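Order of appearance sets the numbers: ligands from 1, and atoms from 1 within every ligand. Quantities reported herein were computed from a predicted structural model and do not represent experimental measurements.
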Amino acid sequence: MGGRAVAKTVLVINSGSSSIKYQLVDLESGEGLASGLVEKIDEPVKGIYTHKFNGDKHVFEDEIIENHEQGLKRVLAFFDEYGPNLKEYDLVAVGHRVVQGGSVFPTPALVTEENIAKVKELAVLAPLHNGPEAVGAEVMTRLLPDVPQGFVFDSSFFFQLPDASATYALNKEVADKYQIRRYGAHGTSHEFIGQVAPEVAGKPSEGLKQIVLHIGNGASVSAQISGKPVETSMGLTPLEGLMMGSRTGDIDPAAVFHLIRNAGMNVDELDTLFNKKSGLMGMTGHGDMREVLALRDGGDETAALAIDMYVHRIVGYIGNYAAQMGGLDVITFTAGVGENSDPIRAMVCEKLAPFGVKIDAEKNETRSSEPRVISTPDSSVTVCVIPTNEELAIAQKVAQLAVEGDAYGNKFNA
Ligand code: ADP
């Protein structure tokens, strides 16, 4: 180890089908020390590598990236060449984010051959995600065989949902045979926020009824009592629930039958239509809330409608979940839109004014990356804005796996 007085670090990796995001997390400060992105893997164009460290940004667009192995090898080379040196920064583990752990992984797991195979099998439930995530882990264990590696599942937190929330009113035999239930997603973020919010709100966690709005490009809402999940809006896949950047959210499934019968669409076309060409993107041509707000402010009626729908859906879930919990103490906004968009926060809270929710306009409009309360002291519900930190949450979980092993009997190097 070099002379730097560093705490231990964890490299957190988020592999997609054509991209890989990574961040080196300092476990003690919780900060991201370095981060990067590999884009356009397995595409017939040159890929893009972006590596950031120490205020420097290195961008390369000099090769076709054929697969994840090629991309990740180059990422490790960037750490050697541009820093930080992973040995010097005491890398204790690598964490892999996985969308779907199904009923197989209610808690995080060490990356082993057997667990990689199980993550691949679960791709049936998350075809766009689990495959590339398993490949990312497979490649990294080959490249860094001496470092413990762990899977952290987006679905684990919601494994504790009550049956009445997790079960669909679908034919029981079919649902059981094909593992169709509500798994939820963004669980790592909902759990993280659920733990931080009581402190920010200045209320004890015990008995606290809270709603977490994770609204970014993907968007989901959870209801939690004493930090335990009782509801969430994403279901079998991340498609269900709120209106999103490019996903429909809730829609009558008969729209699918209708499009098969009348538009002759096949499964892949429908998947793309509902997941990638709908939501804000499908309505306005822009998936980024900033652009949709700008269009609305310029008088675009479709953008105005899209934003009304977006807020309408969020408020509907808040009402539903407050009723399910029999009360509500804290609402927290997080993720890209939740953390940054004061107009959306104001619109949501305005609709809740008849229930005594009051926000301080100045606090809402003040830009800050600090966790904070934006409601007035006499508001019936404490409204918070808290930046999520999924990377830190993943890093903490895999650091623990590295030392203690997982709940399935695996230990690193055992
Ligand atoms: P992901 O779901 O991809 O992790 P993020 O949580 O990073 O997404 O959120 C990204 C989204 O946040 C962007 O697509 C954009 O819509 C939204 N966003 C970011 N900054 C702002 C802002 N200042 N105002 C409104 N929306 C914003």
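- Aromatic rings from H190 and F157 are positioned such that their centres are separated by 6.0 Å or more.
- Of all protein heavy atoms, the one closest to atom 8 (O) of ligand 1 is N217 N, 3.2 Å.
- At the shortest separation from atom 24 (N) of ligand 1 among protein heavy atoms lies R290 CG, 3.3 Å.
- Closest heavy-atom approach to atom 7 (O) of ligand 1 within the set S189, G336, S246: this belongs to G336.
- Under the 30°/60° scheme for interplanar angles, the aromatic rings of F79 and H51 are found to stand perpendicular.
- The shortest contact between atom 15 (C) of ligand 1 and any protein heavy atom is with D288 OD1, 3.2 Å.
- Taking the six-membered ring where tryptophan is involved, the planes of F78 and Y49 are perpendicular, since the angle between them exceeds 60° and thus also 30°.
- Of the protein's non-hydrogen atoms, the one nearest atom 17 (C) of ligand 1 is V337 CG2, 3.6 Å.
- Set against the non-hydrogen atoms of A335, the atoms of ligand 1 under 4.0 Å away are 6 (O).
- A donor atom on one side chain and an acceptor atom on the other are found under 3.5 Å apart for S220 and H186.
- The shortest N/O to N/O separation between M289 and ligand 1 falls below 3.5 Å.
- Nearest non-hydrogen protein atom to atom 23 (N) of ligand 1 is N340 CB, 3.4 Å.
- Looking at K21 next to ligand 1, no N or O pair under 3.5 Å apart turns up.
- Taking the six-membered ring for Trp and the full ring otherwise, the centers of F153 and F158 sit at least 6.0 Å from each other.
- Looking at I116 and F151, their side chains come closer than 4.5 Å, going by heavy atoms from C-beta outward.
- Backbone and side-chain nitrogen or oxygen atoms of G216 are examined, and none is located within less than 3.5 angstrom of a nitrogen or oxygen of ligand 1.
- Here the two rings, on F105 and F159, have centers that are 6.0 Å apart or farther.
- Between D62 and R74 there is a salt bridge, with a side-chain nitrogen of the basic residue lying less than 4.0 Å from a carboxylate oxygen of the acidic one.
- Near G218, meaning under 4.0 Å from any of its heavy atoms, are these atoms of ligand 1: 2 (O).
- In this structure, atom 4 (O) of ligand 1 has no protein heavy-atom contact shorter than 4.0 Å.
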